[in-house]
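Input: a single structure, listed below in C-alpha cells.
Numbers restart at 1 for each chain; the letters A, B, ... are given by sequence-line order, proteins then strands. Computed from a predicted structure; not experimentally measured.
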Protein chains: 2
Amino acid sequence: MGRWLPNREGLKMDFLLQELRRAGYRITDARRAIVQALVNASRPLNPQELYEAARVQHPRVGLVTVYRTLEALLELGMVQKVHGEQGCVGYVYTGRGHRHVAWCRACGRAFIFEGQEDLSSLEQSLERTLHFRVEGHLLQLTGLCAECQART
Amino acid sequence: MGRWLPNREGLKMDFLLQELRRAGYRITDARRAIVQALVNASRPLNPQELYEAARVQHPRVGLVTVYRTLEALLELGMVQKVHGEQGCVGYVYTGRGHRHVAWCRACGRAFIFEGQEDLSSLEQSLERTLHFRVEGHLLQLTGLCAECQART
DNA sequence: GGCCTTACTGAAAACGTTTTTCAGTAACTC
DNA sequence: GAGTTACTGAAAAACGTTTTCAGTAAGGCC
C-alpha cells in the first residue's frame with residue numbers, strides 16, 4: 001500500500017554528500033559512512049561516538065577521518081557544535097542557513113530551528129550603545145523537550 | 001589632585017575574593033594572584049595565559065591551581081567562558097547576574113552587557129511551537145568594537 | 001597570640017582528546 | 001583505462017586537563 005517514499009535521512013545524506021562534492025571534496029566510502037551516521041543520529045554525537053556509529057557501516061574507517069570530515073562539514077556550515085552546561089556535547093546536522101539549537105538536557109536530543117531576526121533588536125541596541133558591530137553570534141538553548149516534560 | 005579613589009580593578013578583586021570567602025573557600029596568595037590577574041586582564045585569558053599573568057605577582061603558583069580557581073569562579077557564576085568562531089578563547093570576569101559577552105575579533109577584548117529579556121520572545125515562541133521548556137541559554141556575540149572599526 | 005583541623009598547594013604523573021606524519025589507496029578527470 | 005592527486009588509516013606526537021599525594025598554611029577556636 002502507498003508508493004515508496006525516500007526517507008528523510010536519505011535525503012539529508014544525499015544533500016550533505018552533494019554539498020561536499022560541490023566544495024571540491026571527494027566522496028569516499030568513509031565519508032559516506034560518517035555522513036550517514038551523523039544524519040541518522042537521534043542526538044548530537046561526539047567524534048568518538050560518531051566513529052563508533054560509522055564503523056557499523058564501514059568497519060575500516062578511522063577516527064582521524066571522522067575528525068577531518070567533521071572539520072569539512074563545520075567549514076561548510078552543515079553541522080554545528082552543541083554546547084551543554086558543562087561544555088561540548090557533540091555535533092549535530094543542522095543543514096544550510098541560519099539555524100539555532102535547543103538541546104534537551106534529559107534525552108540529549110537537539111531541536112533545530114531558524115530565527116535570525118530574534119536577535120536583531122539586541123544587536124541594534126549594542127551598536128547604538130557600545131558602537132559594537134555585530135558580525136556573528138552563538139546562541140544555544142538548554143532545557144526540556146515536550147516529551148521529557150511529560151515524563152516527569 | 002582630588003582625593004584618592006579606589007580603582008575599579010581593586011573593587012572587582014575584593015568582590016571576587018569576598019564571594020569566594022562567602023562560598024566557603026579560603027583566601028590564599030595563589031587565589032589572590034589569580035583573581036587579580038583575571039580582573040586586570042584586558043581580554044579573556046585561557047588557563048595558560050592566566051597562569052603566566054598570575055606568576056608575575058606570585059611566581060610559585062601552579063597551573064593546577066589556576067584550573068581549580070577557574071572552576072570555583074565558574075561555579076559561582078563570576079566568570080564566563082568566551083567562545084570565538086574557532087572555539088574557546090578564554091575566561092573573562094563578568095560579575096554576578098545575567099551577563100552576556102560581545103567579543104571583538106580584532107583586539108580580542110570582551111564587552112560585558114546585561115540583557116535577559118532580549119531572548120524571552122524567542123523562548124516563548126519555542127515553548128509555543130515545540131513545547132520546549134527553556135531553562136538556560138548560551139549567547140555570545142562576535143564582531144568589531146568601536147575602536148577596531150575606526151582603525152580600518 | 002598560638003594551636004589545631006583541614007582545605008589548599010604545587011610537582012609529577014596519568015589521562016583523554018585532537019593533530020601530525022606518512023606510505024598506501026582509490027576517487028575523479030580526461 | 002590511465003594518471004593525478006586528494007584521501008585514507010595506523011601510529012606517534014602534541015596538547016590540554018585532571019588526578020594523585022605529601023607538604024603547607026588559612027581560618028576557627030581557645
_Holding to salt bridge (charged side-chain N to carboxylate O under 4.0 Å, His left out), I want the full list of residues that pass it with A/R26, two or more places apart in sequence or in another chain._
none
*Give me the residues of residues 75-94 of chain B where at least one heavy atom lies under 4.0 Å from an atom of DNA chain D, by number, or none.*
none
*asked:* So if I define the base as every atom that isn't primed, P, OP1 or OP2, how would nucleotides 20-30 of chain D read as a B/S/- string at a heavy-atom cutoff under 4.0 Å?
replied: B----BBS---
*Contacts of B/E75 that satisfy side chain to side chain donor-acceptor pair (under 3.5 Å) - sequence neighbours left out*: none
*Take atom CD of A/Q48 as the centre, draw a 6.0 Å sphere, and report whether it contains more than 12 heavy atoms from other residues, nucleotides or ligands.*
yes
*asked:* Rounded to whole Å, how long is the line connecting atom CG of A/L63 with atom P of D/dT8?
replied: 13 Å
*Where along residues 38-59 of chain A does a heavy atom come under 4.0 Å from DNA chain D, residue by residue in number order?*
A/H58
*In whole angstrom, give the distance that lies between atom OH of B/Y67 and atom P of C/dA11.*
15 Å
_Residues in ring pair (Phe, Tyr, Trp, His ring centres under 6.0 Å) contact with B/Y67, at least two apart in sequence or another chain_ = none
*All side chain to side chain donor-acceptor pair (under 3.5 Å) counterparts of A/R21, not counting sequence neighbours*: none
_Working to the nearest 0.5 angstrom, can you tell me the gap between A/D29 CG and A/T65 OG1?_
11.5 Å
*Compute the centroid of each ring, for B/H100 and then for B/H137, and state whether the two points are separated by less than 6.0 Å.*
yes
*If you draw a 6.0 Å radius around CD in A/E71, do more than 12 non-hydrogen atoms from other residues or ligands fall strictly inside?*
no
*Starting from P on D/dT17, measure out to CG on B/L70 and report it in whole angstrom.*
10 Å
_Over 12 non-hydrogen atoms of neighbours within 6.0 angstrom of CD in A/E135_ = yes
*Looking only at heavy atoms, what is the nearest atom pair of A/L74 and A/V79, with distance?*
CD2-O, 3.3 Å
*asked:* For the helix from C/dG1-D/dC30 to C/dC30-D/dG1, what angle separates the axis at the start from the axis at the finish, each from five pairs, in steps of 10°?
replied: 50°
*Can you name the salt bridge (charged side-chain N to carboxylate O under 4.0 Å, His left out) partners of B/R22, sequence neighbours left out?*
B/E19
*What pairs of residues pass the ring-ring contact (aromatic ring centres under 6.0 Å, His included) test when at least one of them lies in residues 68-92 of chain B, not counting sequence neighbours?*
A/H83-B/H83
*Which pairs with one or both residues in residues 7-65 of chain A pass ring-ring contact (aromatic ring centres under 6.0 Å, His included), sequence neighbours excluded?*
none
*What residues in residues 12-20 of chain B put a non-hydrogen atom under 4.0 Å from any atom of DNA chain D?*
none
*asked:* To the nearest 0.5 Å, what is the distance between CZ on B/R133 and CZ on A/R105?
replied: 8.5 Å
*Could you state the interatomic distance from CZ (B/R151) to SG (B/C145), rounded to the nearest 0.5 Å?*
6.5 Å
